[in-house]
Amino acid sequence: MTRFVRWTALGVAAALLTAGCSGSSGDDGARDDDKRGNSALDWKECESTGDAPAPGDEWQCATLEVPLDWSKPDGKKIDLALIRAEATGDERRGSLVFNFGGPGGSGVSMLPSYADTVAKLREHYDLVSWDPRGVAASEGVRCREDKDIQAAEAKVDTTPDTPAEERTFLSDAADFGKGCARSAGELLGHVSTSDTARDLDRIRQAVGDDKLNYFGISYGTELGGVYAHLFPEKVGRMTLDAVVDPTADMVGHARNQTLGFQRALDAYLKSTGKDPEEGSREIADLLRRIDAEPLPTSTKGRELTQSLALTGIILPLYSKDGWPALTSALQAAEEGDGSELLALADGYNERDASGRYGTTTHSQRVISCLDDKARPSLEETRKLLPEFEKISPVFGPALGWDIAGWCHDWPVPGQHDTPEVSAPGAGPILVIGNTGDPATPYEGARRMADELGKNVGIVLTWKGEGHGAYGNGSDCVDSTVNAYLIEGTVPKDGKVCS
């Protein structure tokens, strides 16, 4: 089973091009007054990983040791993989640490791809990112082999219509969790956002900064909010873009994203000259036909199922740049060829031409299911389905069913219903909301700011399309963020960039 909506910005954009305790940090890490020259990290030339070549001479990599269990700081340790590029200018402010979302996105692989977007910021900051615990090079988790992932794509109906399909759906979810437990072992209970927030403070110490300067995107905004709650006195200049609603539980997030993707689909349909209601109905009808009879594709041995078709529709809605690809893929599907939607789905699922899949979805699930306490039953989910289908006939059924399947029979209990992000005493945190964001709807930005607290959360609104705002074509957004991060200029709360 693959979750349809992932809180990731850069990774999805890249896929489009190819087809997520105590408030004191203690004194157990590097000294806060360390300078870059006395860093606790041994930075060396980056090596290639898997099929990915090394990122180039300007990039350096390091490993940071942190406790597996932060309640036992002297116990077993795990390693985190880090990457950085040093500031290019003379007026260096310190390090700017990035998290690109997921949860489960690899900062080590993503940051070099993002460097051109943040070139202005690099004049004043070392750019730093990392693979959070449970992700890629930092004790990454693989819950299922590639052949089994492909088999599940073919056999599991993620909008089950019969009791037999429901049993298969839930059995597959439970099997995935068992695979995660075998792969992760004791790490499975120590990959929460709170655990990673404590790792983030250790990174701050290790790079020698008194306060954390941070840029969180998508799920990275939730991580930033949790950090601000745990370490308000250590918050430096923090920007949160494509904001996850911290007041939403598992059902609330699914509801928000159903609304967000329907809004994005409406905007796309209007751009093609179609009435959104009529166009959505046509796409929903197409998905029902594919559910009854999957479409052939040009990839030997693979058909386009309803689940894969919907995934292929979701990917290009992350950016207006993907809309032409969506038009072409939908037209081909209407004509009986599922190849283009399958290619888009493969991009989202990180499947390469040889049939190998990435592990972002695996890491996302182990992190989010440890975070989320809710385990909605089949009966509870059935009662919610009419509401979800009313919000969106296209996305509602799958995102509704996802509530029951995502953490079904998970091997470890979840920690909370919603994360705590209140940060009294922290400095101003810039919270950016995009009115056309599909995965993290705009309303989440205001709710994050309210939860952070008065005079802490400062909202910047962009009336745009796609997931995230910075670097997406708005000079107003980019200049406002740059002025805040570089000069410390805090915009007026509620500023709007159209």
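A quick note: this is a predicted structure, and the numbers were derived from the prediction, not measured.
Evaluation of the ring pair (Phe, Tyr, Trp, His ring centres under 6.0 Å) rule for F388 yields no partner, not counting sequence neighbours. Residues satisfying the side-chain contact (heavy atoms from CB on, under 4.5 Å) criterion with A333, sequence neighbours excluded, are L286, L295, L341.
A donor-acceptor contact closer than 3.5 angstrom links the side chains of Y268 and T327. A donor and an acceptor atom, one from each side chain of W70 and D199, are located under 3.5 Å apart. In summary, the side chains of E451 and T247 do not present any donor paired with an acceptor at a separation below 3.5 Å, with no hydrogens or angles considered. Side chains of Y470 and T117: no donor on one and acceptor on the other come within 3.5 Å.
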Residues S271, W323; criterion side chain to side chain donor-acceptor pair (under 3.5 Å); working and verdict
CA-CA 9 Å; S271 77; W323 289 2; over 6 Å; no
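Side-chain contact between Y214 and N99 is present, with at least one heavy-atom pair separated by less than 4.5 Å. No side-chain heavy atom of E47 sits under 4.5 Å from any side-chain heavy atom of C61. Put simply, the side chain of T359 does not reach to within 4.5 Å of the side chain of V141, judged on heavy atoms. In this structure, the side chains of D372 and D249 stay at 4.5 Å or more apart for every pair of heavy atoms.
The pair K270-E465 does not meet the salt-bridge criterion, since no charged nitrogen lies less than 4.0 angstrom from a carboxylate oxygen. Between E153 and R351 there is no salt bridge, since none of the side-chain N atoms of the basic residue sits less than 4.0 Å from a carboxylate O of the acidic one.
Using bins of under 30°, 30° to 60° and over 60° for the plane-to-plane angle, the ring pair F231/Y227 lands in the tilted bin. Between F98 and F215, the ring planes are parallel. Angles under 30° get that label, and only those over 60° would be called perpendicular.
Residue pairs meeting the salt bridge (Lys or Arg N to Asp or Glu O under 4.0 Å) criterion with at least one partner in residues 482-498, sequence neighbours excluded, are R446-D493.
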